[in-house]
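Chain A is the first sequence line, chain B the second, and so forth, proteins listed ahead of strands; every chain is numbered from 1. Note that these values count all heavy atoms, side chains included, but never hydrogens, waters or copies made by symmetry. Quick caveat: nothing in here was measured; it's all calculated off a predicted structure.
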Amino acid sequence: LQDHPDLFTGFNIIKGFLNLDIADQYWHELLQAKYADEQYGLQPSTGKKVMVEYSSPNTNKPLHLGHLRNNFLGWSVAAILEANGNKVFKSCIVNDRGIHICKSMIAWQMFADGATPKSTQTKGDHFVGDYYVKFNDEYKRQVLELKEGGMPEKEAEKQAPIMLATQQMLQDWEAGKPEVMALWTKMNSWVYEGFDITYKKIGSDFDKTYYESNTYLLGKKTVEEGLAKGVFEQEADNSVWIDLTADGLDRKIVQRKDGTSVYITQDIGLAQQKYQEYGIDESIYVIGDEQNYHMKVLKLIAEKLQLPNAQNIYHLSYGMVELPSGKMKSREGTVVDADDLVDEMISTARQHTEELGKVKDFTEPELAELYNTLGLGAMKFYLLRVDPKKKMIFNPEESIDFHGFTGPFVQYTYARIRSILRKEPFEVKAMEATPLLKLEKEIIVTLEQFESALQQAAKELNPSVIAIYIFNLARTFNSFYTAHSIGNAETPEKKQLRLQLAVMTSNVIKKGMQLLGIQVPERM
RNA sequence: GGUCCGGUAGCUCAGCUGGAUAGAGCAUCAGCCUUCUAAGCUGAGGGUCAUUGGUUCGAAUCCAAUCCGGAUCACCA
């Protein structure tokens with residue numbers, strides 16, 4: 001190893017390690033050192049402040065499967081960064097204004113007859129989402145009617161009365177017309193009630209929530225400053241642009257001719273606000289890869305404006321979740337609703353648990369908690385075990401497996417270890433070195449890798465590193481556990497050693513799963 | 001068309017800062033419950049790593065070209 005350090009990297013060093021004739025005493029020392037380290041795996045504070053922005057819902061429709069991947073990813077990345085010694089703030093920007101929410105508002109005025117989520121017993125975000133769908137149905141109908149009356153399609157799309165009414169409403173909103181503002185406030189509050197339920201259920205939380213209705217005004221200030229610095233240029237019609245052709249991109253508009261700000265401008269304003277409020281060193285945006293171009297532009301503009309933390313804007317770009325039939329399309333009704341999916345997973349967990357009948361003595365609340373732990377665990381693990389950058393395929397028909405490379409597999413391993421430890425209380429005590437079996441060494445080596453997995457996950461902002469590692473640890477332990485008894489070990493020394501391995505494995509599993517936002521049950 | 005991303009087993013995915021026989025899970029097949037929870041364990045079959053060329057002692061990994069798939073290039077967000 002000393003002669004050829006370059007020849008032994010990564011997994012090869014582990015393979016080599018297992019085959020080397022290392023004294024048993026060394027294995028014991030390694031184990032004791034790890035066991036004594038209470039901060040095992042956790043890194044000392046770097047003092048770095050990082051903000052992770054994720055979720056970013058629109059208030060016109062409920063959350064779907066794509067949002068789940070986003071939420072789980074953002075939450076887990078934040079946890080991983082924290083475990084690596086960073087001070088982390090979780091933030092969310094709610095897209096609460098714009099033409100999309102006006103569509104829901106118009107449709108509600110037209111069709112609801114005063115109905116509310118309460119009067120219809122509907123979750124608030126679904127309620128508002130239903131009116132967004134109703135808008136589109138009515139809009140389509142009106143366009144068709146106009147076309148049949150002889151109007152060209154493009155003209156019909158512009159002239160449909162419901163669309164004109166919506167555009168009028170947007171203008172009224174920007175003008176602050178009281179009745180429009182009142183309706184807007186009311187409908188958004190319904191949506192937030194619904195979102196809160198979902199966030200609570202999936203374990204998503206934020207240190208700070210920004211609202212676009214507040215931040216979009218920051219855009220104007222940014223544009224003024226940019227114009228003064230000569231970063232932006234103004235056209236004769238008053239619209240403001242930035243020329244990015246020298247950077248291989250296009251000219252981008254940053255302010256409309258009517259003086260209103262566009263999407264990108266709000267983001268620049270928000271980037272500054274985050275920095276001012278939290279003094280962050282690094283800003284991570286968990287946003288889908290369809291916005292790669294947008295984020296590239298954002299970073300470039302921030303650099304040209306010489307914002308203090310422009311260099312540290314990082315887009316954690318994740319791939320879409322697709323169905324076997326292709327992309328999820330709301331128009332075709334192929335969107336997998338987040339609440340439905342979560343409920344389905346929990347109910348699958350209940351079904352499996354009842355079939356196996358291992359926890360018949362559980363009370364109702366205990367059962368409910370277990371189903372939640374298992375159902376959500378399965379879903380989170382499924383969405384986090386693959387590289388975030390890559391798009392992934394989700395098959396709702398086959399649902400999510402509870403066997404193999406899954407959350408419940410890991411949870412099951414944990415529950416079985418806990419079961420042993422309830423029967424065989426473990427105390428730390430000095431012990432004689434005893435010869436180690438290959439499977440025992442493998443567990444020690446795998447435990448040893450936790451630290452580097454944690455560091456790699458943070459470096460790559462990639463929770464799948466943790467998921468793969470934890471699965472591997474659980475599998476290694478299962479093989480060992482089947483082959484060798486812990487309670488009836490050959491000698492007291494063996495028993496002590498194996499109990500220690502069991503304790504450490506369960507601790508690492510628990511810690512690793514926590515980083516993925518997944519709970520582990522004592523029994524299942 | 002420009003830019004970016006991807007193509008590894010029937011399916012879903014690891015492996016990609018070059019290095020040992022390309023690995024998991026699911027599915028298929030064959031075994032293991034008087035013994036710490038069988039949501040488990042052991043084993044088998046299954047691969048032209050999209051194609052072609054190049055660099056190298058050595059390529060799934062690096063480079064180039066081609067084919068296929070996706071994203072994006074709005075006074076939408």
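At a threshold of 4.0 angstrom between heavy atoms, the contacts of A:L374 include nucleobase atoms, whether or not backbone atoms are also involved. Residue-level contact check: A:G404 touches the backbone only, with heavy atoms under 4.0 Å from sugar-phosphate atoms and none from bases.
Atom NZ of A:K389 is separated from atom P of B:rC16 by 11 Å (rounded to the nearest Å). If you take CD of A:Q500 and P of B:rC36, they are 24 Å apart, rounded to a whole angstrom. Computed from coordinates, the A:H484 NE2 to B:rU42 C1' distance equals 13 Å when rounded to whole Å. Between the NZ atom of A:K390 and the P atom of B:rC4 there is a distance of 19 Å, rounded to whole Å. The NZ atom of A:K299 sits 16 Å away from the C1' atom of B:rC4 (whole-angstrom rounding). Distance CD (A:Q291) to C1' (B:rC4): 15 Å, rounded to an integer number of Å. Atom OH of A:Y382 is separated from atom P of B:rC11 by 14 Å (rounded to the nearest Å). The distance between atom CD1 of A:I393 and atom C1' of B:rC11, rounded to the nearest whole Å, is 10 Å.
Positionally, the nearest nucleotide of RNA chain B for A:K459 lies more toward the 5' end than for the other of A:K459 and A:H403. Place A:E322 and A:E522 on RNA chain B by their nearest nucleotides, and A:E522 ends up nearer the 5' end.
Nearest to the side chain of A:E290, among B:rA71, B:rA77, B:rG69, sits B:rA71. Ranking B:rA77, B:rC75, B:rU3 by closeness to the A:K296 side chain, first place goes to B:rU3. Comparing B:rA77, B:rA24, B:rC13 against the side chain of A:V386 picks out B:rC13 as the nearest.
Classification of A:E138 and A:K134 as a salt-bridged pair fails, no side-chain N sitting under 4.0 Å from a carboxylate O.
Taking atom P on both B:rA44 and B:rU55, the two are 39 Å apart, rounded to the nearest angstrom. Between B:rA50 and B:rA14, the two P atoms lie 14 Å apart (nearest whole Å). Comparing the same atom, P, in B:rC49 and in B:rA20 gives a spacing of 16 Å after rounding to whole Å. B:rA59 and B:rA22: their C1' atoms are spaced 12 Å apart (whole Å). Look at the C1' atom in both B:rU3 and B:rU8: the space between them is 26 Å, to the nearest Å. For B:rC75 and B:rC67, the C1' atoms lie 39 Å apart once the distance is rounded to whole Å. Comparing B:rU28 with B:rC36, their P atoms are spaced 28 Å from each other, to the whole Å. Of the P atoms belonging to B:rC33 and B:rU52, the separation is 49 Å, rounded to the nearest Å.
Atom NZ in A:K103 sits 7.5 Å away from atom OH in A:Y139 (nearest 0.5 Å). Atoms CE and CG, on A:M105 and A:N188 in that order, are 8.0 Å from each other to the nearest 0.5 Å.
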Begin with the C-alpha distance, continue with both residues' side-chain angles, and end with the deciding distance and a verdict on salt bridge (charged side-chain N to carboxylate O under 4.0 Å, His left out) for A:R350 and A:E355. CA-CA 9 Å; A:R350 190 189 68 227; A:E355 274 169 20; over 6 Å; no
Assess whether salt bridge (charged side-chain N to carboxylate O under 4.0 Å, His left out) is satisfied between A:K391 and A:E290, documenting all intermediate values. CA-CA 11 Å; A:K391 66 184 174 199; A:E290 74 274 12; over 6 Å; no
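Donor-acceptor pairing under 3.5 Å, judged by distance alone, is absent between the side chain of A:D289 and the base of B:rC4.
Taking the 5.5 Å centre cut-off and the 30° plane limit, the aromatic side chain of A:F405 is not classed as stacked on B:rC26.
Residue A:R498 has no polar side-chain atom (N or O) positioned under 4.0 Å from OP1 or OP2 of B:rC36. Note on A:R422: every side-chain N or O is 4.0 Å or more away from OP1 and OP2 of B:rU37. Residue A:S485 places none of its side-chain N or O atoms closer than 4.0 Å to OP1 or OP2 of B:rC36. Listed pair A:R475 / B:rU42 fails the phosphate criterion, with no side-chain N or O lying under 4.0 Å from OP1 or OP2. An OP1 or OP2 oxygen of B:rC41 is reached within less than 4.0 angstrom by a side-chain nitrogen or oxygen of A:N478. Checking the phosphate oxygens (OP1, OP2) of B:rC13, no side-chain nitrogen or oxygen of A:S464 falls inside 4.0 Å.
Taking the centre and axis of the six-membered ring of A:Y293, the NZ or CZ atom of A:K296 falls outside the cone set by 45° and 6.0 Å. Under the 6.0 Å distance and 45° angle rule, A:R97 counts as a cation-pi partner of A:Y216.
Annotated as syn: B:rC33, whose O4'-C1'-N torsion sits within 90° of 0.
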